[in-house]
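Encoded as structure tokens, the structure appears first; notes follow it.
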Amino acid sequence: MTQLTAAITVHSLEQALGAAVRAKELGADLVEYRIDTFTDDPDDVTELVQRSALPCIITCRPVWEGGAYDGDEQTRLSLLEHAGVGVRKPVYIDLELLAWQKSANLRQKISLVVDDPGRPRETDTGLILSSHDFERRPSDLLRKVREMGEASLCRVIKVAWHARSLRDNLEAFELVGQQVKPTVALCMGEYGLASRVLAKKFGAMLTFASIDGDAGTAPGQPTVGEMKGLYRWDAINSQTRVFGVIGYPVGHSMSPAIHNAGFGAAGVDGVYLPMPIPPEYEHFKATVSSWLGMKGLHFGGASVTIPHKENLLRFVKEHCGSGGRGEVEELAERIGAANTLHVREDGSLYACNTDYAGALDAVCDGLSIQREGLSGRRVAVIGAGGAARAVVAGFAHYGALVTVYNRTLEKAEALGERFGAEAKALGDLSASEAEVYINCTPIGMHPEVDASPIDISDERSAIRNHFGPGVVVFDTIYNPVKTKLLRDAAGAGCVTISGTEMFVRQAAAQFELWTGEAAPLGVFRGVLNEKLKRTSNGL
Ligand code: NAP
């Protein structure tokens with residue numbers, strides 16, 4: 001079973017022991033004490049091991065391997081030896097492959113404190129041989145792995161390198177699966193999260209996480225709390241299906257929190273990860289192709305956001321054009337953007353757009369009508385960007401009489417022409433008489449929370465009298481949940497719908513496509529509102 005290991009940088013005995021207690025409370029299985037700058041006194045290390053709340057790994061990483069220990073090898077050796085002299089032993093001692101190969105003295109001394117399968121000993125401490133590269137995938141990675149495997153005392157092979165792209169994670173998974181000894185293969189940096197979370201899916205010996213609030217010991221380490229809560233560590237197994245949100249950047253995305261909570265609530269065996277891919281189509285194509293190509297990954301699909309919505313469409317079309325099985329939703333094709341990739345059970349691909357579906361469902365529910373009931377209704381769409389495009393396409397498709405109002409008239413005209421809508425300048429909005437108003441501009445978005453695209457509250461405004469019961473106002477902005485536009489509209493007696501509903505419903509449509517289960521809308525709303533509250537508070 002893959003052990004969730006809390007990495008603790010030891011500054012003092014009490015701090016480290018306290019951190020281990022916290023790690024245990026959070027649900028970690030193991031702790032790694034990084035004693036690089038802890039002490040010169042070997043007895044301190046013995047005491048640390050004796051009093052540890054969790055079984056431990058002892059590591060004293062030298063500067064030349066990316067650690068902080070800059071003393072002499074003799075002292076380092078003595079610290080490591082003393083880790084194993086007490087009644088309680090560390091479960092593992094970690095040593096760099098290079099140090100192991102370089103020094104016969106070190107090999108001889110360490111061999112006395114670790115378990116040797118050939119010679120029965122009192123200790124069960126295992127030896128981890130490790131190698132790290134904080135800049136790139138080392139060109140001799142496979143040689144190193146082989147040499148660790150061949151070292152008879154080495155119980156665990158560990159390699160970690162800075163990932164250049166999401167594709168590196170796949171090599172980490174393969175390495176773990178190919179070795180005869182327990183193996184840890186981790187990718188560092190923004191692209192490496194999958195190797196850490198999915199270590200359990202592929203049967204790695206352990207994965208590392210930081211203790212909440214700590215910096216961790218390597219770039220890209222999630223916290224134990226994130227592993228257990230957000231990424232569903234306890235539920236991950238070899239069959240778990242993998243989903244994600246593809247974008248650049250994606251660190252701020254609320255989708256992992258929403259979908260993972262949804263999987264938990266609906267009992268779906270899935271996990272959802274952020275998947276950063278740089279903007280160019282070639283990156284998108286190479287990464288998605290490689291993830292689709294790895295069988296044991298069970299990659300089930302992805303939400304796709306800026307700047308890849310057009311790339312997804314192109315990718316699935318090219319895939320179909322070159323003999324692959326797949327399909328693009330007709331309306332997504334007309335919109336020119338897709339936000340959802342679904343890998344169907346038979347391996348074929350499906351690209352669709354749930355943004356328009358989310359907007360339609362949000363408004364139809366607000367009006368208590370079916371989509372067909374939109375036919376003939378007068379809808380004013382403010383803005384002519386990406387969100388407006390999906391909204392205009394969706395409403396026009398169901399027969400609504402759409403007028404696009406935009407600051408740049410030409411863009412409104414182009415949109416109108418494509419989807420059979422009228423186009424007007426933003427200034428003409430004051431003379432409009434629509435039944436449904438949809439804001440698709442960022443006006444009123446956090447932090448400009450006192451701005452509004454329609455001046456409903458201004459008593460001199462001509463449009464003011466038009467707003468009242470029977471008029472529906474939908475703001476696609478979801479941060480804040482209640483924009484000034486919605487507050488003013490509600491004050492005038494209109495039906496108001498927040499952008500959170502569109503967000504929740506586009507996510508729900510994805511969830512239902514991937515899982516075949518009804519999305520737990522209440523859970524989605526709760527998670528989103530909680531996240532937004534924290535964002536607005538600057539957390
Ligand atoms: P976009 O492609 O950049 O388009 C922005 C549109 O807003 C353009 O038409 C632009 O007019 C107009 N605009 C921007 N600033 C303006 C200003 N100060 N005055 C007048 N018009 C202005 O952006 P997008 O992707 O469509 O996103 C727009 C909004 O939709 C965002 O606020 C986002 O929160 C929301 N959204 C919500 C969801 C959801 O699930 N709830 C999903 C996607 C987007 P010009 O053409 O003249 O530049």
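Just so you know, ligand 1 is whichever comes first in the structure, and atom 1 is the first atom listed for that ligand.
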* In order of chain and number, which residues sit within 4.0 Å of ligand 1 by heavy atom? -> Gly383, Ala384, Gly385, Gly386, Ala387, Asn406, Arg407, Thr408, Lys411, Leu426, Cys440, Thr441, Pro442, Ile443, Met445, Thr476, Ile477, Tyr478, Gly499, Met502, Phe503
* For the residue pair Tyr281 and His308, is the inter-centroid distance of their aromatic rings smaller than 6.0 Å? -> no
* Asked: Taking only residues at least two apart or on different chains, which pairs with a member in residues 347-368 satisfy ring-ring contact (aromatic ring centres under 6.0 Å, His included)?
  -> none
* **Between Lys484 and Ser457, a side-chain donor and acceptor under 3.5 Å** => yes
Side-chain polar contacts of residues 384-395 - donor-acceptor pairs under 3.5 angstrom, sequence neighbours left out - could you list them?
from: Arg389; atom 1: NE; to: Ile335; atom 2: O; distance (Å): 2.4
from: Arg389; atom 1: NH2; to: Ile335; atom 2: O; distance (Å): 3.2

List the atom pairs, donor and acceptor, that lie under 3.5 Å between side-chain atoms in residues 418-425 and the rest of the protein, sequence neighbours left out.
from: Arg418; atom 1: NE; to: Arg334; atom 2: O; distance (Å): 2.7
from: Arg418; atom 1: NH2; to: Arg334; atom 2: O; distance (Å): 2.8

* Heavy-atom count around Glu372 CD within 6.0 Å, excluding the residue itself: above 12? -> yes
